[in-house]
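As structure tokens, the structure follows; a few thoughts come after it.
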Amino acid sequence: MTAFKSDFLNILQERGFIHQCSDFDGLDALAAKGQATAYVGYDCTAPSLHIGNYLTMMMLHWLQQSGNKPITLMGGGTTMVGDPSGKDESRAIRSIAEIEANKASIRGVFSKVLRYGNGASDAIMLDNAEWLTKLNWIEMLRDIGRHFSVNRMLTMDSVRLRLEREQEMSFIEFNYMVCQAYDFVELARRTGCRLQMGGSDQWGNIVNGVDLGRRMGTEQLFALTTPLLTTASGAKMGKTAQGAVWLNADAFSPYDFWQYWRNVEDADVVKFLKLFTILPMSEINKLAVLQGGEINEAKKVLATEATALLHGRDAADTASETARQTFEEGAVSESLPTVEIPRGELDAGIGVLAAFVKAGLVASNGEARRQIKGGGLRVNDAAVTDEKMVLNADNLTQEGVIKLSMGKKKHVLLKPA
């Protein structure tokens with residue numbers, strides 16, 4: 001393990017954040033002096049960011065904790081273009097109103113892990129629409145476009161993979177890497193930003209920015225990427241039966257967030273404690289030696305600490321207590337995820353398969369049938385044995401809900417509205 005001069009790189013290395021860097025020595029010297037201003041870009045493609053974005057937010061967190069300055073760049077401009085990285089087909093073109101609504105919905109999450117203000121290491125938030133939407137097309141071709149080699153652009157993974165699969169790539173997407181590279185140059189000029197960070201799938205785009213900065217006369221710029229999130233079994237991380245693990249509480253509840261971490265594979269617990277909590281390494285190392293059933297205690301710590309960081313300590317403690325009551329006492333807690341169903345629909349009766357789909361516990365009627373055959377579905381803690389079972393008002397508990405469960409750890413309440 002390399003020993004760096006800067007706390008920033010030492011922390012990232014110890015916690016497992018580092019995948020690639022364009023110049024370790026140069027970046028280390030800059031960060032050691034507290035002069036590393038760095039940014040990560042976040043496009044506004046949905047009303048909430050997801051757990052993959054959380055990883056780069058934590059990189060910015062540790063940058064700030066080590067005395068350097070973070071920038072969160074909202075992609076108001078680049079979202080109009082659409083990042084082709086890792087995509088098999090073109091992104092849907094979003095309206096300006098949709099982009100603005102998503103941007104407003106996303107902004108608040110950053111203050112959970114970053115401190116904003118006017119101090120030397122306080123975070124700032126900018127929006128690339130401020131400069132990208134004002135570029136004159138002919139001037140952009142002449143002043144920026146001339147520095148890009150189409151030959152090299154065609155070798156970038158985001159382009160090459162689409163072409164190899166004979167999948168169409170629009171001209172607007174082809175320009176995404178130009179826009180992202182120019183963002184880096186513009187931030188260097190405006191704020192003295194010298195470092196761009198992102199996931200490993202962004203390496204080509206970030207290095208383009210480093211190269212463009214050199215050609216356009218900025219100080220030396222740096223690239224740093226983190227590994228893409230995968231579980232110990234090799235699966236892509238961040239997906240559940242309900243969909244993505246979103247960061248906004250209205251898209252993915254604090255209880256669901258807590259449960260997500262509680263249910264990770266044993267082999268991933270220490271890795272995720274390092275990446276997604278701010279627990280000191282001394283405490284993580286103590287948890288790392290737990291074996292057998294004791295690993296569940298480490299998982300609970302992971303779940304509570306990760307949830308507390310994003311949603312607050314009270315929400316994390318409530319989620320933990322809800323889980324304890326649900327699993328240890330078999331209680332129905334109001335804090336469980338709840339899906340409302342029209343009273344008339346319940347009075348008329350709803351098929352058990354449709355109920356589990358509506359609750360998001362299964363993706364389809366077919367999956368529900370398979371779960372029933374394996375004994376995996378329960379209504380009010382009683383196993384479902386008949387796929388033609390109909391739920392109605394007679395199934396409501398004393399609390400006025402119907403508790404649906406898949407396995408031992410996934411529960412949703414159906415509540416008449």
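Taking both residues in full, the closest heavy atoms of Gly77 and Asn128 are given as N-OD1, 2.6 Å, listed atom of the first, atom of the second, then distance. The two residues Gln259 and Ala323 come nearest to each other via the heavy atoms NE2-CB, 3.7 Å. Counting all heavy atoms, side chain and backbone alike, Leu221 lies closest to Val210 at O-CG1, 3.4 Å. The two atoms that bring Met197 and Phe8 nearest to each other are SD-CZ, 3.8 Å, heavy atoms only. Closest approach of Arg194 and Phe184 over heavy atoms only: O-CZ, 3.6 Å. Residues Ser6 and Asp28 come closest through the heavy atom pair OG-OD1, 2.6 Å.
With hydrogens and angles left out, the side-chain atoms of Thr318 and Tyr255 include no donor and acceptor closer than 3.5 Å. For the residue pair Gln196/Gln180, the side-chain donor-acceptor check at 3.5 Å is satisfied. A donor and an acceptor atom, one from each side chain of Arg115 and Ser121, are located under 3.5 Å apart. Trp131 and Asp183 share a donor-acceptor pair across their side chains, judged by distance under 3.5 Å alone. In this structure, a donor-acceptor pair under 3.5 Å is absent between the side chains of Thr231 and Asp268. Between the side chains of Tyr176 and Asp43, at least one donor N or O sits under 3.5 Å from an acceptor N or O.
A distance of 8.0 Å separates OG1 in Thr37 from CG in Leu30, rounded to the nearest 0.5 Å. Ile144 contributes atom CD1, which lies 5.0 Å from atom CG of Leu135 (distance to the nearest 0.5 angstrom). We find the CG-CD distance between Leu9 and Glu14 to be 12.5 Å, quoted to the nearest 0.5 Å. Rounding to the nearest 0.5 Å gives a distance of 8.5 Å between CE of Met58 and CG of Leu275. Going from atom CD of Glu294 over to atom CG of Leu287 covers 10.5 Å, rounded to the nearest 0.5 Å. A distance of 7.0 Å separates CG of Asp317 from OG1 of Thr304, quoted to the nearest 0.5 Å.
Considering only heavy atoms from C-beta on, Leu27 comes within 4.5 Å of Cys21 through its side chain. Side-chain contact between Ser364 and Phe356 is absent, with no heavy atoms from C-beta onward closer than 4.5 Å. The shortest distance between side-chain heavy atoms of Gln371 and Val384 does not fall below 4.5 Å. Counting heavy atoms from C-beta on, the side chains of Met281 and Lys274 come closer than 4.5 Å. Leu310 has its side chain within reach of Tyr54: a pair of non-hydrogen atoms, C-beta onward, lies under 4.5 Å apart. Proximity of His19 to Leu224: side-chain heavy atoms (C-beta onward) are nowhere separated by under 4.5 Å. Looking at heavy atoms from C-beta onward, Asp256 lies out of side-chain contact with Val245 at the 4.5 angstrom threshold. Considering only heavy atoms from C-beta on, Ile402 comes within 4.5 Å of Val379 through its side chain.
At distances below 3.5 Å, at least one donor-acceptor pair connects side-chain atoms of Thr79 with backbone N or O atoms of Cys44. Judged purely by atom type and a 3.5 angstrom limit, Ser253 has no side-chain atom pairing as donor or acceptor with the backbone of Ala249. Proximity of a side-chain donor or acceptor of Asn208 to a complementary backbone N or O of Asn205 within less than 3.5 Å is not detected. At distances below 3.5 Å, at least one donor-acceptor pair connects side-chain atoms of Asn53 with backbone N or O atoms of His50. Between the side chain of Ser111 and the backbone N or O of Gly108 there is at least one donor-acceptor pair closer than 3.5 Å. In this structure a side-chain-to-backbone donor-acceptor pair under 3.5 Å is present from Ser48 to Leu247.
Between Leu60 and the options Val40, Ile71, Asn68, Val113, a side chain to side chain contact (heavy atoms under 4.5 Å, CB included) holds for only Val40. Each of Thr56, Thr72, Thr78 was checked for a side chain to side chain donor-acceptor pair (under 3.5 Å) with Tyr42, and the lone residue meeting it is Thr56.
The pair Lys300-Glu305 does not count as a salt bridge, with every side-chain nitrogen at least 4.0 angstrom from each carboxylate oxygen. Between Glu130 and Lys134 there is no salt bridge, since no side-chain nitrogen of the basic residue lies less than 4.0 Å from a carboxylate oxygen of the acidic one. Between Lys286 and Glu283 there is no salt bridge, since none of the side-chain N atoms of the basic residue sits less than 4.0 Å from a carboxylate O of the acidic one. Between Asp127 and Lys103, at least one side-chain N (NZ, or NE/NH1/NH2) sits under 4.0 Å from a carboxylate O, which counts as a salt bridge. Salt bridge Glu219/Arg189: absent, no basic N to carboxylate O contact under 4.0 Å.
Within a 6.0 Å radius of CZ in Arg378, other residues, nucleotides and ligands contribute more than 12 heavy atoms. Around the CG atom of Asn136, the shell of radius 6.0 Å holds more than 12 heavy atoms that belong to other residues, nucleotides or ligands. No more than 12 heavy atoms of other residues, nucleotides or ligands shown are found within 6.0 angstrom of CD1 on Ile278.
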Apply side chain to side chain contact (heavy atoms under 4.5 Å, CB included) to Lys69 and Ile124, showing your working.
CA-CA 8 Å; Lys69 190 177 187 70; Ile124 59 173; 4.1 Å; yes
Apply salt bridge (charged side-chain N to carboxylate O under 4.0 Å, His left out) to the pair Glu367 and Arg370, showing each step before the final yes or no.
CA-CA 5 Å; Glu367 184 183 348; Arg370 290 191 294 273; 5.2 Å; no
Verdict with supporting geometry, Thr133 and Met80, side chain to side chain contact (heavy atoms under 4.5 Å, CB included)
CA-CA 10 Å; Thr133 58; Met80 298 180 193; 3.9 Å; yes
Does Asn248 form a side chain to side chain donor-acceptor pair (under 3.5 Å) with Ser105? I'd like the steps, not just the answer.
CA-CA 8 Å; Asn248 284 17; Ser105 181; 3.2 Å; yes
Criterion side chain to side chain donor-acceptor pair (under 3.5 Å) on His411 and Ser405, from CA distance to verdict
CA-CA 4 Å; His411 310 271; Ser405 306; 2.8 Å; yes
Side chain to side chain contact (heavy atoms under 4.5 Å, CB included) assessment of Asp266 paired with Lys299
CA-CA 8 Å; Asp266 291 357; Lys299 289 184 180 182; 2.7 Å; yes
Could you walk me through whether Ile350 and Ile341 pass the side chain to side chain contact (heavy atoms under 4.5 Å, CB included) test, one step at a time?
CA-CA 10 Å; Ile350 179 173; Ile341 180 172; 3.7 Å; yes
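The aromatic rings of Phe276 and Trp261 are tilted relative to each other, their planes meeting at an angle between 30° and 60°. Note: Phe24 and Phe4 have tilted aromatic rings, judged against thresholds of 30 and 60 degrees for the angle between ring planes.
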